[in-house]
Number of protein chains: 2
Amino acid sequence: MVKKDISDTQIIKTAFKILSINGTAESLSIRKIAAELDISVSTFYWHFANKQALLQAMADDVMAEVLIEPSTEAWDVQIKAIFMAIYQTYLKYPYAAELMILTVPATKIRLRLINQLIQILLDAGFAPDKSSLVIESIDHFITGLFADIANEVRLKNCALTSQDNYMRELVGQMQSIAQENHYDAFLSTFDQHQHVQLASEPKFMLGLDIFLAGLKQQLPHHN
Amino acid sequence: MVKKDISDTQIIKTAFKILSINGTAESLSIRKIAAELDISVSTFYWHFANKQALLQAMADDVMAEVLIEPSTEAWDVQIKAIFMAIYQTYLKYPYAAELMILTVPATKIRLRLINQLIQILLDAGFAPDKSSLVIESIDHFITGLFADIANEVRLKNCALTSQDNYMRELVGQMQSIAQENHYDAFLSTFDQHQHVQLASEPKFMLGLDIFLAGLKQQLPHHN
DNA sequence: ACCTGAACACCGTTCAAGT
DNA sequence: ACCTGAACACCGTTCAAGT
């Protein structure tokens with residue numbers, strides 16, 4: 001009927017709001033956004049081509065927050081700093097990793113970041129193909145890590161729906177199966193795995209450090 | 001009405017069939033399985049508690065195919081061999097990685113595998129907490145890699161629906177944005193990235209080797 | 001023990017129609 | 001240029017009822 005002056009930004013903002021409430025990206029729906037903004041579902045489609053387009057815009061917004069200062073440090077220090085900045089942003093927005101998995105880096109902001117990372121490795125003397133493979137590898141690692149964390153957070157937080165109760169039972173099952181079969185190596189790490197959940201920073205740092213150490217070692221042989 | 005003698009195994013088999021046709025896990029629905037088997041949707045729920053339970057069973061079936069022989073080799077050779085076996089299985093079933101992301105390793109088969117990996121690191125002299133973190137890291141890496149590959153395969157294969165056309169456009173956008181902004185480092189790796197797609201084995205091996213090299217280096221300082 | 005139909009509460013997307 | 005209602009073609013899950 002009347003113009004409601006809904007902007008793209010408003011839709012994105014509402015989407016983030018919904019996402020931050022129940023954590024996981026699958027809980028975000030166009031219909032919920034429409035209800036929250038008190039607009040018709042079809043109005044959404046005037047502002048965005050489809051749901052994917054919205055996710056792209058959201059992913060871009062998240063990555064825009066990653067701050068990177070130019071640096072003259074060694075290549076591995078630079079790489080580490082950038083991924084730590086990405087890590088910090090992912091920590092702030094628990095759904096960020098999921099958003100990256102669901103989207104494609106087809107925006108200026110995200111491509112600049114990738115370009116920057118590859119450039120650092122090129123400057124360090126790595127071959128082009130190797131450089132991009134390495135960046136992809138770290139990206140896979142960090143995305144996988146956060147997908148895992150997001151999953152675990154989902155398991156802990158919501159014991160509400162029957163679905164999530166089922167998932168909680170599964171975690172209980174893990175322990176009892178491990179005990180029955182004497183999977184002692186697994187059990188020795190299980191308890192702590194249950195408690196140090198949110199201290200994921202050492203987890204991330206460790207993996208990143210190991211990878212960079214291995215990479216450093218490879219350099220003299222390949223340029 | 002009449003008994004149709006539908007077994008759990010039959011449902012799983014049909015689910016795999018549907019999954020292998022259109023690749024991605026989101027295309028799998030209980031309603032499609034029911035239609036294919038010519039049973040009522042509600043019949044499914046007599047055989048499985050819910051969709052998650054089906055996915056758990058499927059994930060377990062996939063991992064059951066990972067063959068691991070006992071070995072007396074060095075720890076890093078053993079670890080590599082196991083992850084290569086996992087890699088081979090994931091290659092065979094393109095939806096396997098997605099299945100692992102969506103499920104929890106709450107079964108005898110999957111827990112045994114994790115236990116085995118941790119045990120190898122414990123025997124090598126790593127501390128329990130570090131051992132499990134390392135295994136998780138590699139797991140994140142491999143899962144992330146395959147999620148990425150699955151995504152790319154999806155982009156290439158299906159140019160059918162409007163959704164996928166939109167995604168294809170995005171890939172085109174990546175290139176033009178990179179060109180406009182002179183993201184040369186990115187561009188230098190883009191072309192080859194487009195062609196050597198399915199040769200992901202070197203990609204995987206490289207990442208794994210780098211990680212293991214870094215890990216090896218850390219050992220003397222930490223036990 | 002095994003299967004069904006009908007219903008409930010959701011989705012994303014399209015499109016002719018309104019102002 | 002911006003918004004709507006109604007429809008289409010999907011989902012997962014439940015439950016009383018059938019054999």
Side-chain angles (χ1 to χ4, degrees), chain A residues 1-12 14-15 18-19 21-22 24-58 98-99 102-103 154 158 160-170, chain B residues 1-12 14-15 18-19 21-22 24-58 98-99 102-103 154 158 160-170:
Chain A
M1 301 239 181
V2 233
K3 285 205 188 184
K4 296 206 172 170
D5 272 329
I6 297 295
S7 66
D8 299 13
T9 332
Q10 241 174 316
I11 291 177
I12 294 175
T14 312
I18 293 172
L19 216 48
I21 289 170
N22 21 26
T24 166
E26 82 183 35
S27 71
L28 176 69
S29 80
I30 293 165
R31 297 180 116 94
K32 279 182 194 163
I33 297 170
E36 177 78 23
L37 282 171
D38 199 30
I39 57 172
S40 170
V41 217
S42 43
T43 303
F44 171 86
Y45 287 89
W46 195 89
H47 293 274
F48 290 92
N50 47 38
K51 194 183 183 181
Q52 185 69 38
L54 172 66
L55 294 177
Q56 288 288 144
M58 294 175 76
E98 215 176 344
L99 230 39
L102 294 170
T103 57
R154 187 159 59 100
C158 344
L160 301 167
T161 73
S162 68
Q163 257 285 36
D164 281 321
N165 264 328
Y166 178 79
M167 288 294 270
R168 279 211 318 178
E169 274 171 40
L170 286 181
Chain B
M1 299 234 184
V2 233
K3 284 203 188 185
K4 296 207 174 172
D5 272 329
I6 298 294
S7 66
D8 299 12
T9 332
Q10 242 174 315
I11 291 178
I12 294 176
T14 311
I18 294 172
L19 216 47
I21 289 171
N22 20 27
T24 164
E26 84 183 32
S27 71
L28 176 69
S29 79
I30 293 165
R31 295 179 117 94
K32 278 182 195 162
I33 297 170
E36 177 77 24
L37 282 171
D38 200 31
I39 57 170
S40 170
V41 217
S42 44
T43 303
F44 171 87
Y45 287 89
W46 195 88
H47 292 275
F48 292 93
N50 48 38
K51 195 183 184 180
Q52 184 68 38
L54 172 66
L55 295 176
Q56 289 288 143
M58 294 175 77
E98 214 177 344
L99 230 40
L102 295 170
T103 57
R154 187 160 58 102
C158 343
L160 301 167
T161 73
S162 68
Q163 257 285 37
D164 281 321
N165 265 327
Y166 178 78
M167 288 294 269
R168 279 211 317 178
E169 275 171 41
L170 286 180

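Note: hydrogens, waters and symmetry copies are ignored here, and every other heavy atom, side chains too, is used. No experiment lies behind these values; they were computed from the predicted model shown. Quick note on labels: first sequence line is chain A, next is B, and so on, each numbered from 1.
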Taking all heavy atoms of [X] and all of [Y], pick out the closest pair and write down the distance.
X: T103(A); Y: L99(A); value: OG1-O, 2.8 Å
X: E26(A); Y: E98(A); value: N-OE2, 4.2 Å
X: A15(B); Y: L54(B); value: CB-CD2, 4.2 Å

For [N], take OP1 and OP2 only and decide whether either is under 4.0 Å from a side-chain N or O of [X].
X: S42(A); N: dC3(D); value: no
X: H47(A); N: dC3(D); value: yes
X: T43(A); N: dT4(D); value: yes

How does DNA chain D read in dot-bracket, base by base from 5' to 3', with Watson-Crick or G-U pairs under 3.5 Å and | used when the partner is on another strand?
||.|||||...|||||.||

Distance check needed: [N] [atom2] versus [X] [atom1], whole Å only.
X: Q10(B); N: dC3(C); atom1: CD; atom2: C1'; value: 14 Å
X: F48(B); N: dC3(C); atom1: CZ; atom2: C1'; value: 16 Å
X: N50(B); N: dC11(D); atom1: CG; atom2: P; value: 17 Å
X: E26(B); N: dC10(D); atom1: CD; atom2: P; value: 14 Å
X: L54(B); N: dC11(D); atom1: CG; atom2: P; value: 14 Å
X: Y166(B); N: dT13(C); atom1: OH; atom2: P; value: 11 Å
X: W46(B); N: dT4(C); atom1: CH2; atom2: P; value: 13 Å
X: D8(B); N: dA1(C); atom1: CG; atom2: C1'; value: 13 Å

What pairs of residues pass the ring pair (Phe, Tyr, Trp, His ring centres under 6.0 Å) test when at least one of them lies in residues 24-47 of chain B, not counting sequence neighbours?
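Those involving residues 24-47 of chain B are F44(B)-F48(B).
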
DNA chain D-proximal residues of residues 29-39 of chain B, any heavy atom under 4.0 Å:
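Within this stretch, S29(B), I30(B), R31(B), K32(B) sit under 4.0 Å of the strand.
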
Rounding to an integer number of angstrom, what distance separates dC10(C) and dA9(D) when you compare their P atoms?
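Pairwise P distance, dC10(C) against dA9(D), rounds to 22 Å.
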
Value rounded to 0.5 Å, distance of OG1 in T43(B) from CG in D38(B)
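Going from the OG1 atom of T43(B) to the CG atom of D38(B) covers 10.0 Å.
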
Enter the distance from Q56(B):CD to L170(A):CG here, rounded to the nearest 0.5 Å.
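Rounded to the nearest 0.5 Å, the CD-CG separation comes out at 4.5 Å.
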
Are the side chain of [X] and the backbone of [Y] linked by a donor-acceptor contact shorter than 3.5 Å?
X: T14(A); Y: Q10(A); result: yes
X: K32(A); Y: S27(A); result: yes
X: Q52(B); Y: L102(B); result: yes

Which nucleotide in the list dC3(D), dT14(C), dC15(D) gets nearest to the side chain of Y45(A)?
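Of the options given, the side chain of Y45(A) lies nearest dT14(C).
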
Can you tell me which nucleotide in dC3(C), dT4(C), dG12(C) comes closest to the side chain of K51(A)?
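Nucleotide nearest to K51(A)'s side chain: dG12(C).
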
Minimum side-chain heavy-atom gap I33(A)-L28(A) below 4.5 Å
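A side-chain contact exists here, since the closest heavy-atom pair is under 4.5 Å.
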
Starting at the 5' end of DNA chain C, which residue's closest nucleotide do you reach first, S27(A) or S7(B)?
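Checking each residue's closest nucleotide, the 5'-ward one belongs to S7(B).
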
Hey, does L28(B) reach any base, or is it just sugar-phosphate, or nothing, if we go heavy atoms under 4.0 Å?
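The answer is sugar-phosphate, as L28(B) gets under 4.0 Å only of primed atoms, P, OP1 or OP2.
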
